[in-house]
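Step one of this worksheet: look at the structure below.
Quick note: numbers below take in every heavy atom, side chains included, and nothing from hydrogens, waters or symmetry partners. Numbered from 1 within each chain, the chains take letters A, B, ... in sequence-line order.
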Amino acid sequence: MCGRYTLRTELKLLAELYGFQPISLPWTPRYNIAPTQLVAAVRLSADASSRELDMLRWGLAPSWAKEIPKGRPMINARADTVAEKPTFRAAFKRRRCLILADGFYEWHQDEETKEPYYIRMRDERPFAMAGLWEHWDKGPQPLESATIITTAPNELMAKFHHRMPVILDPDLADVWLDPGIEEPEELLPLLKPYPEEQMEAYVVSARVNHVKDDSPQCIEPWKDGKAERTFDW
DNA sequence: CCAGACGTTGTT
DNA sequence: GTCTGG
DNA sequence: CCAGACGTTGTT
DNA sequence: GTCTGG
């Protein structure tokens, strides 16, 4: 779940909304961010005085790993076990981040079909997903990587999956980034399903299936004959 | 003591 | 089927 | 997450 | 690195 998403909001607007220091980096709207690619992550500066935006590899590589894990990257971490699992525990305590997005894709599967849907906020605002990051230094090239935390789905998301990404409103995001907080009892309550009333889902074309297709058409409502389908079923 | 795993999703 | 690449 | 490859020897 | 299994 949550294995593809979008970030097409202007960098300047993201900086205003999430309060990170202005930076200049190559910025293009993304309509199809896939595992192993770079994700935009908000972290606190070393002295915790300000927020910074960095691009991290999606798929967490534990610091102790001899090699960057091949095969299925660790793109998600379960909220219910993240405080205990050796792979995530240390990052959960000290290396939390916000992964910025403005929509994501889920595939709805039945007997015959598997159709991608685009899920976003009804007001189309960007949002922050709860993430963890890690620094890996066991090879010639050091790597900073990240993973997105998942939780139980709200009713809308349950139509697709039994998990959904943790989305943090600004107040909770502040807590999530606070380096003074390390106790699971304080952090785990943040990792709840997001209110479904604020979200919407509509079917899109199969373009998104192809990682190389990073075009605006990925999020265009897909017309099935006449009516575009949303969730009225 | 050392060796080997360390994850999620979905599927069985 | 399973693994790798994006 | 999905798509695409999945192999060797020998020759160019 | 840390935990589990043997």
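A pairwise comparison of heavy atoms in Ile219(A) and Tyr105(A) identifies CG2-OH, 3.1 Å as the closest pair.
Heavy atoms of Thr150(A) sit under 4.0 angstrom from primed sugar atoms or phosphate atoms, though from no base atom. Backbone-only contact: Thr87(A) has heavy atoms under 4.0 Å from sugar-phosphate atoms and none from a base. Contacts of Pro35(A) with the nucleic acid, taken as non-hydrogen atoms under 4.0 Å apart, include base atoms. No contact: Tyr105(A) has no heavy atom under 4.0 Å from any strand.
Nucleotides dT9(B) and dG1(E) have their P atoms positioned 28 Å apart, rounded to a whole Å. Comparing the C1' positions of dC1(D) and dT8(B) gives a spacing of 12 Å, expressed to the nearest Å. To the nearest whole angstrom, the two P atoms, one in dA5(D) and one in dG4(B), are 35 Å apart.
No hydrogens or angles were tested; on distance alone, a donor-acceptor pair under 3.5 Å links the side chain of Arg72(A) to the base of dT9(B).
Atom pair Asp80(A):CG and dG7(B):C1' shows a separation of 13 Å (rounding to whole Å applied). dT9(B) atom P lies 17 Å from atom CZ of Phe160(A), rounded to whole Å. Rounded to a whole Å, the CE atom of Met164(A) is 17 Å from the C1' atom of dC1(D). Atoms CD (Glu84(A)) and C1' (dG7(B)) sit 14 Å apart, rounded to a whole Å. In this structure, the NZ atom of Lys70(A) is 20 Å from the C1' atom of dT8(B), given to the nearest Å. If you measure from atom NZ of Lys212(A) to atom C1' of dC1(D), you get 17 Å, rounded to the nearest angstrom. If you take NZ of Lys85(A) and P of dG7(B), they are 5 Å apart, rounded to a whole angstrom. Atom CD of Glu115(A) is separated from atom C1' of dC2(D) by 15 Å (rounded to the nearest Å).
Comparing atom distances between the Arg163(A) side chain and each of dT9(B), dG4(D), dC1(D) picks out dT9(B) as nearest. Minimum atom distance to the side chain of Pro73(A) is reached by dC1(D), of the listed dT8(B), dG7(B), dC1(D).
Note that Arg43(A) lies in the cation-pi zone of Trp133(A), set by a 6.0 Å cut-off to the ring centre and a 45° limit from the axis.
With 3.5 Å as the limit, one finds a donor-acceptor pair spanning the side chains of Gln217(A) and Ser215(A). Remark: the Asp213(A) side chain and the Tyr31(A) side chain contain no N/O donor-acceptor pair separated by less than 3.5 Å.
Residue ring and base: Trp107(A) does not count as stacked with dC2(D) (centre distance below 5.5 Å and interplanar angle below 30° not both satisfied).
Under the 4.0 Å criterion applied to side-chain N and carboxylate O atoms, Asp102(A) and Arg125(A) are not assigned as salt-bridge partners. Under 4.0 Å is where a charged nitrogen must lie from a carboxylate oxygen, and between Glu134(A) and Arg95(A) at least one such pair does.
One finds the OG1 atom of Thr151(A) at 12.5 Å from the NE2 atom of His162(A) (value rounded to the nearest 0.5 Å).
A 3.5 Å limit on both hydrogen-bonding distances identifies dA3(B) as the Watson-Crick or G-U partner of dT4(E).
At most 12 non-hydrogen atoms from other residues, nucleotides or ligands lie less than 6.0 angstrom from CD of Glu155(A).
Here Thr81(A) does not reach the OP1 or OP2 of dG7(B): none of its side-chain N or O atoms lies under 4.0 Å away.
Taking a heavy-atom distance under 4.0 Å as the criterion, the stretch of DNA chain C touched by chain A extends 5' to 3' from dT4(C) to dG6(C).
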